[in-house]
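The shown structure was predicted, so the numbers you read here are calculated from the model rather than taken from an experiment.
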Amino acid sequence: MSLDPPPLFAGSAQGAVRFLGRVIQSGELAARAGKLAASLQSREEPARRVAIFIPNCPAALVALAAGLAAGGKVLLLDPRAEAEAAIARFRPELIVTLDLAALLDRVLKTLPACPKAEVAVGRFADLLPFPRNLLLPLLRGGGLANLPPDPRFFRLSESREGAASNSAWGSGEIFQAFSEIPLDAAELSRLSAKIPPALPGERWLLGAPLSDPAALAATYAGLGGGAEVVLSPRLDEASLDALRRRTRIDRRVP
């Protein structure tokens, strides 16, 4: 089975994501995804059904690519929305999230719907371009948190070596909370082809959750075309307007 990241990061090497002022190139995202896929596959019982409970940030794209590259079925969830019904229907073996108190609290509330699921927790501080002691004012009460005292929770590791090429999607499929029909590589490519092509160096602001197929397709098209895709965990109009005032934006997508 291939552990290469799917073509989410294919295309121009100039494609990148911007998050809280930090810019991460497509190649680095692909390398992280390859290592994470290898780490997930190295577990004694690799998960075939993975739910991603992460807001719009680079970690969500890395987890998505890793799950697909490992051949899994991946459920993308919007942490702002109710997740219990989708979790119960999907029956994940693994939930991937971050060590933000608000996210961990939400995950704990969903676990009764999937009592056998494990929870892999990534470090939000690793995404930041500044010291973590400056984080709390930005999160508006979210805060970093330790893992709950529950044996199902463990720290996510990307330390293993993994392939970093852009060629393979694996046999994975993407599911959305509101749909029983999976999104495969061909459909994602078809959706992204409807989006006006990016110009190298353009900066796109993603204004919808990655769990929305149109938003995911716009991200795919932007990265493949060499654009810089700006991600924000807060998608209300006031937060997006403030981000536009601070950062040059050429296009809002989808």
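Smallest separation of non-hydrogen atoms from Leu64 and Leu216: CD2-CD1, 3.7 Å. Residues Cys57 and Leu127 share a closest heavy-atom pair of SG-CD1, 3.8 Å. Between Ser232 and Leu243 the shortest heavy-atom distance is CB-CD2, 3.9 Å. Of all heavy-atom pairs between Asp99 and Leu104, the closest is CA-CD1, 4.2 Å. Among all heavy-atom pairs drawn from Ala16 and Gln25, the shortest one is CB-OE1, 3.7 Å. Here the closest heavy-atom approach between residue Ala63 and residue Leu36 is recorded as CA-CD2, 4.0 Å.
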**Request:** Before giving the answer on salt bridge (Lys or Arg N to Asp or Glu O under 4.0 Å), spell out for Glu173 and Lys73 the whole-Å C-alpha distance, their side-chain angles and the decisive distance to 0.1 Å.
**Result:** CA-CA 5 Å; Glu173 297 174 309; Lys73 299 181 184 298; 2.6 Å; yes
**Item:** Phe153 and Leu111: CA distance, side-chain angles, deciding distance, side chain to side chain contact (heavy atoms under 4.5 Å, CB included) verdict
**Value:** CA-CA 11 Å; Phe153 285 75; Leu111 284 181; 3.7 Å; yes
**Request:** Please test Arg251 against Glu202 for salt bridge (Lys or Arg N to Asp or Glu O under 4.0 Å), starting from the C-alpha separation and ending with a verdict.
**Result:** CA-CA 8 Å; Arg251 190 189 306 183; Glu202 273 192 331; 3.4 Å; yes
**Item:** side chain to side chain contact (heavy atoms under 4.5 Å, CB included) evaluation trace for Arg48 with Glu93
**Value:** CA-CA 7 Å; Arg48 300 289 296 173; Glu93 298 156 352; 3.7 Å; yes
**Message:** Under the criterion salt bridge (Lys or Arg N to Asp or Glu O under 4.0 Å), I'd like the reasoning laid out for Arg252 against Glu237: C-alpha separation, chi angles, the key distance, then a yes or no.
**Reply:** CA-CA 12 Å; Arg252 175 171 166 174; Glu237 286 302 318; 3.0 Å; yes
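With contacts defined as side-chain heavy-atom distances shorter than 4.5 Å, the pair Leu29/Pro58 qualifies. Side-chain atoms of Val121 and Leu147, non-hydrogen and from C-beta on, do get closer than 4.5 Å to each other. Inter-residue side-chain proximity for Leu235 and Pro209 is flagged as met; some heavy-atom pair is nearer than 4.5 Å. In this structure the side chain of Leu103 reaches within 4.5 angstrom of the side chain of Pro79, judged on heavy atoms.
With hydrogens and angles disregarded, no donor-acceptor distance shorter than 3.5 Å links the side chain of Ser39 to the backbone of Lys35. For Asp78 (side chain) and Pro55 (main-chain N/O), no donor-acceptor pair under 3.5 Å exists by modelled atom type. A donor-acceptor pair under 3.5 Å links the side-chain atoms of Ser26 to the main chain of Gly15, judged by distance alone. Counting only distance, with no hydrogens or angles, the side chain of Arg152 and the backbone of Pro115 share a donor-acceptor pair below 3.5 Å. The closest donor-acceptor contact from the side chain of Asn56 to the backbone of Ala208 lies under 3.5 Å.
Transitive grouping of hydrophobic side chains (ILVMFWY, heavy atoms separated by less than 4.5 Å) brings Leu68 and Leu191 into a common cluster. A single hydrophobic cluster is seen to contain both Leu94 and Leu108, as judged by linkage of ILVMFWY side chains at heavy-atom distances under 4.5 Å, directly or through other members. A continuous path of hydrophobic side-chain contacts links Leu183 to Val253 [ILVMFWY only; heavy atoms under 4.5 Å]. Residues Val74 and Leu223 are members of one and the same hydrophobic cluster, defined by side-chain heavy-atom contacts under 4.5 angstrom among Ile, Leu, Val, Met, Phe, Trp and Tyr. With hydrophobic clusters built from ILVMFWY side chains whose heavy atoms lie under 4.5 angstrom apart, Leu206 does not share a cluster with Leu240.
Here Leu98 contributes atom CG and Ile54 contributes atom CD1; the two are 4.5 Å apart, rounded to the nearest 0.5 Å. Distance check, rounded to the nearest 0.5 Å: CD1 of Ile87 to CG of Leu75 gives 6.0 Å. Interatomic distance, OG1 of Thr219 versus CG of Asp212, reported as 10.0 Å (0.5 Å rounding). For the atom pair Leu61 CG and Arg32 CZ, the distance stands at 11.0 Å (nearest 0.5 Å). Taking CG from Asp250 and CH2 from Trp204, the interatomic distance works out to 10.5 Å, rounded to the nearest 0.5 Å. One finds the SG atom of Cys114 at 11.5 Å from the CZ atom of Arg49 (value rounded to the nearest 0.5 Å).
Taking 4.0 Å as the cut-off between side-chain N and carboxylate O, Glu84 and Lys109 do not count as a salt-bridged pair. A salt bridge is defined here as a Lys NZ or Arg NE, NH1 or NH2 lying under 4.0 Å from an Asp or Glu carboxylate O, and Arg203 with Glu228 meets this definition.
In this structure, Arg106 forms no cation-pi arrangement with Phe53, as its terminal cationic atom is not both closer than 6.0 Å to the ring centre and no more than 45° off the ring axis.
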